[in-house]
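For reference, the structure discussed in these notes is given below.
Hydrogens, waters and symmetry mates play no part in the numbers below; they use all other heavy atoms, side chains included.
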Amino acid sequence: SRVHICRLIPHSWESTALRAEWTENTSGGPPDQATWPLNPQFRMWGRQAGEVVIALSQKDRRGIRDSGAKPSLIGFTVWRCKRGALPQRVWWPDQWRSGHIRAKAGASNALPEMVVEAQVSDAREVSASLWIEAGVVYYIVPHTLNPGTTGAFTLRSYCASSFEIVRVPPAFQSSVDDVWDTQHAGGRRGDTSFFANPQYSLQAVAGDATVLLLLRRFPMAGGNEPLGGGGCGVVVVDNLANHNGNEGSGGTISGNVQERSVVVESDYLLPAEAVVMFRMRQGQSLHAIPALSSAGVQGRFQLTLLADKAIRVMRVPSTRANQLDGAWDSATNSCGGSHMNSSFLANPQIHLQIPGPVVPGARAHITLHRRGTAWPR
């Protein structure tokens, strides 16, 4: 009742067999998942043009009695780089260009193009073929149907002409788990309390690097209740470019985040996920600030950093923020003008007191915002 079709590879063809596995940290799922770049990747190029047959196989579990193990759903994609381009790895699928990911100009130059998609199957082996161009680099990315599925696999390749295929070193990974609580739920950039959000210092310590930040949000109580409060997002700020803001004690960014200092900012379309991508220079320091679109909304989150070089990630000390609303009102004679006027002391006055003990080197930053747009000159 079954028909098996086998392709016979000529003995004159070159072949390779590479063994690898999907682990908890390297099983990113299919291309429509934000964790897809975690999957193992293989770089391939040919000295001459020719046909390549690629076969991805998993362990045959039919002979394991009473194991209860079922075959995984596996597949792979092949990506072609532009001629002359040699990225260290493929960072995200080409079709994400119009999706919710945000990339800094220059971070996504020469994006590879998907040329083969072997459909996911629970068969022991899935295969596909393509014609490769001489001198062009291709990337093969095996994946499982669901992120987190673990298992060993073998990637076999056959080519009519001379070719090379190597395993790409795994991406550098760093993850932190944190919360937006009552003191650290500052809302999105533009809100006066934005800088109260948790902040992380990023420093490129091993050379220029391409960096991908993935923010995943979870309910505060750890249950399955819906995520309210709008979407989540990530803002990456250049410390040195934030001239009108202030770098407080321990490196926390406070005050106004100037537009020119924003390296990249995600949108806030999705309630549970946001992704940004950017480049860092050797020794450069940036701040990453996860935020929700509405201030005061609490929740848990995980911020995962992927990079092709090592990045130092540190949680910077929190600031304590307070916001007061006021007005210059002629009815209360509180429009005293500047210090050049004799009525200056009629302006509203606010008493600032720092409760002890005061941490040595602690700094305070005060920001005044005008509310509304109808201001006379």
Item to check | Ion pair Arg83/Glu133, N-O distance below 4.0 Å | outcome: yes
Next on the checklist: Looking at Arg7 and Glu51, is there a salt bridge between them, counting it only when a charged N and a carboxylate O are closer than 4.0 Å?
Outcome noted: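 A salt bridge links Glu51 with Arg7.
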What's the separation between atom [atom1] in [X] and atom [atom2] in [Y], rounded to the nearest 0.5 Å?
X	Y	atom1	atom2	answer
Ile311	Met314	CD1	CE	12.0 Å
Met44	Leu130	CE	CG	5.0 Å
Asp177	Leu303	CG	CG	9.5 Å
Leu227	Arg300	CG	CZ	10.0 Å
Leu212	Arg89	CG	CZ	10.5 Å
Ser285	Met280	OG	CE	6.5 Å

What closest approach, in Å, do [X] and [Y] show between heavy atoms, and which atom pair accounts for it?
X	Y	answer
Trp22	Pro40	CD1-CD, 3.6 Å
Ala272	Cys232	C-SG, 3.8 Å
Val53	Trp13	CG2-CZ3, 4.0 Å
Trp45	Val137	CB-CA, 4.3 Å
Val120	His143	CG2-CE1, 3.4 Å
Lys309	Ala209	CB-CB, 3.7 Å

Please check this pair: side chain of [X] against backbone of [Y], looking for a donor-acceptor N/O pair closer than 3.5 Å.
X	Y	answer
Asp191	Ser193	no
Trp36	Pro147	no
Ser57	Glu125	no
Ser334	Asp329	yes
Gln58	Gly151	no
Asn39	Gly29	yes
Ser175	Thr304	no
Gln41	Val90	yes
Ser121	Ala123	yes
Arg19	Leu155	no

Taking atom types as modelled and ignoring hydrogens, do the side chains of [X] and [Y] form a donor-acceptor contact shorter than 3.5 angstrom?
X	Y	result
Arg156	Ser15	no
Tyr138	Arg80	no
Asp208	Gln282	no
Arg47	Ser162	yes
Arg279	Thr210	yes

Same apolar cluster (I L V M F W Y, side chains within < 4.5 Å links), [X]/[Y]:
X	Y	value
Leu38	Leu73	no
Val276	Val263	yes
Tyr139	Phe153	no
Leu86	Met114	yes

Next on the checklist: Could you go through Trp180 and Phe301, starting from their C-alpha distance and side-chain angles, then the distance that decides it, and tell me whether this counts as side chain to side chain contact (heavy atoms under 4.5 Å, CB included)?
Outcome noted: CA-CA 8 Å; Trp180 293 289; Phe301 66 85; 3.7 Å; yes
Item to check | Candidate pair Arg188 and Glu265, rule salt bridge (charged side-chain N to carboxylate O under 4.0 Å, His left out), full reasoning | outcome: CA-CA 10 Å; Arg188 65 189 302 168; Glu265 180 175 12; 5.1 Å; no
Checklist entry - Regarding Arg315 and the six-membered ring of Tyr200, is the cationic atom NZ or CZ under 6.0 Å from the ring centre and inside 45° of its axis? => result yes
Next on the checklist: Under the rule for salt bridge (Lys or Arg N to Asp or Glu O under 4.0 Å), what residues qualify as partners of Arg167, not counting sequence neighbours?
Outcome noted: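 Arg167 satisfies salt bridge (Lys or Arg N to Asp or Glu O under 4.0 Å) with no residue once adjacent residues are dropped.
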